[in-house]
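Following: one structure in structure tokens, then a few remarks.
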Amino acid sequence: MTTPTSDGFRPYVDQLIDQHRAILHDSLDGLSEDEARRSLVPSATTLLGLLKHATFVEKVWFDQDISGRSRSEIGIPESSEDSFLLTPDDTIASIQAEHRVACEHSRQVAAALDLDTEVRGRRPHPLWASYMHVLRELAHHCGHADILREQILAAR
């Protein structure tokens, strides 16, 4: 049975996370700026906001928890709800670029650590728990993005 620290687990979960990162990133491809910002649900959730939030998630679980830096030092909101909020300067290109940079940073800092390494940024937990949380977040939001994109494309 594969456990979170087994040799076969890490490449598998790295691949799953990268696949979900790409799906969410690419959900904006071919959309106009207005379409990416379109609100189709009562919450602040938009396709562009989902990717901005995913960038926040990367920075919390693979920067704050590993480096111990505060959210203000990292340049992210204190509240996860605020991570969905868009500014007038946010564009598809800028949010996708920030997401790519955050994901690359996540890969680099996590690769240097064993999955059993205890990270202590917010509260002590093993690195593999960060992996699981990020995977859950990404899978959850990929589902949202799929539905929102389908609605946007159907309205064209």
Side-chain angles (χ1 to χ4, degrees), residues 1-31 36 41 43-87 89-150:
M1 180 166 146
T2 302
T3 64
T5 56
S6 296
D7 289 340
F9 177 80
R10 188 163 195 165
Y12 176 72
V13 77
D14 280 335
Q15 181 183 25
L16 278 176
I17 288 174
D18 277 341
Q19 286 172 347
H20 285 80
R21 285 170 173 154
I23 290 167
L24 197 51
H25 176 278
D26 296 349
S27 71
L28 297 169
D29 288 353
L31 299 181
V41 294
S43 71
T45 305
T46 64
L47 276 172
L48 192 59
L50 282 172
L51 191 61
K52 188 171 183 176
H53 173 71
T55 303
F56 167 87
V57 168
E58 294 284 341
K59 291 179 179 185
V60 168
W61 289 93
F62 290 120
D63 188 338
Q64 183 180 16
D65 277 1
I66 292 173
S67 73
R69 297 187 309 154
S70 70
R71 290 183 184 192
S72 63
E73 289 174 295
I74 297 168
I76 57 175
E78 290 299 320
S79 162
S80 66
E81 291 82 19
D82 290 344
S83 69
F84 288 91
L85 302 178
L86 301 172
T87 70
D89 294 334
D90 290 331
T91 65
I92 293 169
S94 70
I95 297 298
Q96 282 182 324
E98 186 177 351
H99 181 254
R100 282 190 301 272
V101 168
C103 292
E104 185 55 35
H105 180 262
S106 295
R107 284 184 204 97
Q108 289 175 2
V109 298
L113 302 172
D114 291 330
L115 289 177
D116 285 330
T117 300
E118 186 176 90
V119 296
R120 302 171 102 15
R122 292 174 298 144
R123 64 187 176 289
H125 63 274
L127 180 61
W128 65 261
S130 294
Y131 269 71
M132 294 296 91
H133 186 85
V134 169
L135 182 58
R136 187 200 63 78
E137 282 271 338
L138 289 171
H140 183 77
H141 294 312
C142 281
H144 293 146
D146 186 47
I147 291 167
L148 291 174
R149 184 175 171 88
E150 182 178 334

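Start at 1 with the first residue, then count along the sequence. In this text, all values refer to a predicted model and were calculated from it rather than measured experimentally.
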All pairs passing salt bridge (Lys or Arg N to Asp or Glu O under 4.0 Å) where residues 118-130 contributes a residue, at least two apart: Asp65-Arg122, Glu118-Arg120
Pairwise side-chain contact, Trp61 with His125, heavy-atom cut-off 4.5 Å (strictly under): yes
Pair listing, salt bridge (Lys or Arg N to Asp or Glu O under 4.0 Å) test, anchored in residues 46-64, at least two apart: Arg21-Glu58, Lys52-Asp90, Lys59-Glu98, Asp63-Arg69
Glu104: side chain to side chain contact (heavy atoms under 4.5 Å, CB included) partners, not counting sequence neighbours: Arg107, Gln108
For the student: nearest non-hydrogen atoms of Pro77 and Phe56, plus distance: O-CE1, 3.3 Å
Contacts of Arg149 that satisfy side-chain hydrogen bond (donor to acceptor under 3.5 Å, both in side chains) - sequence neighbours left out: none
Minimal non-hydrogen separation, Ala54 against Leu138, with atom names: CB-CD2, 4.2 Å
Nearest heavy-atom neighbours spanning Glu78 and Arg71: O-NH1, 2.6 Å
Check: Leu127 and Ile66 side chains under 4.5 Å, non-hydrogen atoms: yes
Set of side-chain hydrogen bond (donor to acceptor under 3.5 Å, both in side chains) partners for Asp29, sequence neighbours left out: Gln96
Partners passing side-chain hydrogen bond (donor to acceptor under 3.5 Å, both in side chains) against Ser70 (at least two apart in sequence or in another chain): Ser72, Glu73
Criterion side-chain contact (heavy atoms from CB on, under 4.5 Å) on Leu148 and Thr46, from CA distance to verdict: CA-CA 8 Å; Leu148 291 174; Thr46 64; 5.8 Å; no
Rounded distance (nearest 0.5 Å) linking atom CD1 of Ile17 with atom OG of Ser106: 9.0 Å
Residue pair Asp89 / Ser94: nearest heavy atoms and the distance that separates them: O-OG, 3.8 Å
Heavy-atom pair with the smallest gap, counting every atom of Val13 and Leu135: CG2-CD2, 4.1 Å
Qualifying residues under side chain to side chain contact (heavy atoms under 4.5 Å, CB included), relative to Asp14, sequence neighbours excluded: Arg10, Tyr131
Ser27: side-chain hydrogen bond (donor to acceptor under 3.5 Å, both in side chains) partners, not counting sequence neighbours: none
Residues in side chain to side chain contact (heavy atoms under 4.5 Å, CB included) contact with Cys142, at least two apart in sequence or another chain: His20, Ile23, Leu24
Ser83-His53 side chain donor-acceptor pair, cut-off 3.5 Å: yes
Side-chain heavy atoms of Val109 within contact of Ser67, under 4.5 Å: no
Test side chain to side chain contact (heavy atoms under 4.5 Å, CB included) applied to His144 - qualifying residues, sequence neighbours left out: Leu50, His140, His141
